[in-house]
2 protein chains.
Amino acid sequence: MRTKCMNCQIKSTAVKALSVTELEFLEENCYEIMYRKGEMIIEKGKHSTHIAYIKSGLVKIHMEGPRNDQVLKIAPKETYVGIQSILSDQVHQYSATALQDCLICHIDVRSFRQLVKKNSGFANELIIYLCEDELNYFKRFVSQSQKQINGRLADTLLYFATDVFNQDVYELPLSRKDLGTFLCTTRESATRSIRELCDLGALRVNKNRFEIRNRTLLQTISKTG
Amino acid sequence: MRTKCMNCQIKSTAVKALSVTELEFLEENCYEIMYRKGEMIIEKGKHSTHIAYIKSGLVKIHMEGPRNDQVLKIAPKETYVGIQSILSDQVHQYSATALQDCLICHIDVRSFRQLVKKNSGFANELIIYLCEDELNYFKRFVSQSQKQINGRLADTLLYFATDVFNQDVYELPLSRKDLGTFLCTTRESATRSIRELCDLGALRVNKNRFEIRNRTLLQTISKTG
DNA sequence: TCTATGATGTGATTTCAATCACATTTGTGT
DNA sequence: ACACAAATGTGATTGAAATCACATCATAGA
C-alpha cells in the first residue's frame, strides 16, 4: 500500500502549506515509483504530464548541448524535477536520470497547477523554492565560467561532503565521465584534476570512494580557482 | 504626476492578474525612478527592500566572481530584477546596472509578498515567469560551457537582433569589456571574435553599430560552436 | 573460466583563448 | 583647442585544457 501524502515524512515546504482536503486531493493525483540506478526519470522531448519530486536518492539533471550531454545539477532528495513543465502542457526541456536507486513521487501537473491557483501559501513556497534554485544556478554559472578545473572539482567535492552526504568520506555516485560533464570538462581532465588534488594532499581517492583530508586546502583551491 | 498602476501600459503578466483593489494597493507601494546610463539600480550586498521592474531600457545583471564581475543577463523591459529578494528581507545577491537610460518601477517587497499570498493568480504568473527565466539560464549555461567564443558571440548578436531590438541593425549598448564578460571571455577575445565574424561576412560593424549581414551563417556559427 | 565491452588512467600533442604589451582612438573636462 | 584618462585594436607569447592514442582495469555474460 502506498503512503498517504498526509503522512509523508519528506513533504516539500510547499506541500506543508496544503490543507487536509488539498492533501487528499494531492493524494489522488500522484503516485510513487522506484527507479533503479541508471534509469531515466524524465526524458527531454517527452510530453510532460507530471512533475517529479525526489523522495530519496540522487538524480542527475542533464540537457543536450552542441557537443555533449551537459549535467546541470546533481539533485538530492526533496528536489522538484521538471517543475518548469508547469508552464504549459508542453514537453520536458531536460532529462533526469537516477544516479542511485531513487524513490520518486510523480504529481499530475494539472492538479499541481490547480493547487497553485487554489492555495497561495503553496504558491508562495514554490516561488521561494524557485528563487533559491535560480540563485544556486547563478553561483554555479559564475564558478563554472571563472574557475579552473581544480577549483570546480573542489567546489563539487565540498558540495557532496556538505550538502549531500554530510560527511567527509563518501562513495561518489558519478562515473568519471559524468563528473567531467558536471565540471564542464572532459573525463580525462577530471581524472587528472583528481590526481592533482590528491598530490596536494587535499584528498584521498580509491575508485569512487572519496575522502576529504584537508578541507581548508580544498576551500582555498575552490576560492582561487 | 506619476502614472497609476491601473493605467500602466507595460504591466507584467502577473500584475495583469490583480484586481482593481489590489492595483490600488500596489500603486501605494511602488514608485518609478529614471536611471541614467551607467547608474546602479540594485547593488549586491545592499539590504533588499524593493523589487525592480524594468519599464524601459536595458539592464545588465551582474555578479562578482573569483576573477571578474560576471554578467549574468542583459535584461530588456518587462523583466523583474531582484525578485529573489522575495525569499526574505535579506541582501541582494547580485547587482543591476543601467546600460541605457531606464525607467524602473520599484515595488516594496513586503507588499509584493502580500500580493502573492492574497492572489494566487498573481502567484501563478510569477511561477511561470520564474520557470521561464530559469530555463533560459539553463540554455545559456550549456551554450557557455560548450560553445567556443564565435558561437557565443553569434548567439548574443542574434539575441539582440531578435529579442531586444527586433531588427538586424542596432547600436550595441555594451562596451567591449562588458561584451567580453557577458560572453565569459576577455575584452581582447571579444574584439577578435567580432573581427572574425566580420571577415566571414556574417557581420558589419562600425564602433557599436552592428549590422547582421548573413543571419543563416550566424545561426550556423551559433550551432556548431 | 574466458571473453568482450565499457570504464579508467596516463602520456604526447594540439588548440583555443588568456595574458601581456603597446599603439591608437575616443571621450571628457578645463 | 588642449591634455589626460579611458576604451579599443592588434600582435606576440604563454598556458590550460582538449584531443588523440593507447594501456590497463573492471564487469557482465556466455
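First the proteins, then the strands, lettered A, B, ... as listed; each starts at 1.
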Figure out the [atom1]/[atom2] separation between [X] and [N], and round it to whole Å.
X        : N      : atom1 : atom2 : answer
B:Arg195 : D:dG9  : CZ    : P     : 10 Å
A:Gln146 : C:dA17 : CD    : P     : 17 Å
B:Gln148 : C:dA17 : CD    : C1'   : 9 Å
B:Leu172 : D:dA7  : CG    : P     : 16 Å
B:Arg152 : C:dC16 : CZ    : P     : 13 Å
A:Leu179 : C:dT8  : CG    : P     : 10 Å
A:Leu174 : C:dT8  : CG    : C1'   : 15 Å
B:Lys147 : D:dA18 : NZ    : C1'   : 19 Å

Side chains of B:Gln70 and A:Gln146: any donor to acceptor distance under 3.5 Å?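 Their side chains do contain a donor-acceptor pair, which is all the 3.5 Å distance test asks for.
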For the residue pair B:Tyr137 and A:Phe141, is the inter-centroid distance of their aromatic rings smaller than 6.0 Å? no
Can you check ring pair (Phe, Tyr, Trp, His ring centres under 6.0 Å) on A:Phe112 and A:Tyr80, steps first, answer last? CA-CA 12 Å; A:Phe112 198 86; A:Tyr80 281 108; 5.7 Å; yes
Would you say a side-chain N or O of [X] is under 4.0 Å from OP1 or OP2 of [N]?
X        : N      : result
A:Thr186 : D:dA18 : yes
B:Thr185 : C:dA18 : yes
B:Arg176 : D:dG9  : yes
A:Lys207 : D:dA26 : yes
A:Arg67  : D:dT19 : yes
A:Arg187 : C:dT10 : no
B:Ser189 : C:dA17 : no

Smallest separation among heavy atoms of B:Val142 and A:Pro66, with atom names: CG1-CD, 4.2 Å
Go nucleotide by nucleotide along DNA chain D from the 5' end; which of A:Ile149 and A:Glu188 gets its closest nucleotide reached first?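 With A:Ile149 and A:Glu188 compared, the 5'-side residue is A:Ile149.
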Could you check whether the side chain of B:Arg192 and the base of C:dT19 have a donor-acceptor pair of N or O atoms closer than 3.5 Å, going by distance alone? yes
Can you spot which of A:Arg140, A:Lys147, A:Lys139 makes a salt bridge (Lys or Arg N to Asp or Glu O under 4.0 Å) with A:Asp155?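 Among A:Arg140, A:Lys147, A:Lys139, the one meeting salt bridge (Lys or Arg N to Asp or Glu O under 4.0 Å) with A:Asp155 is A:Lys147.
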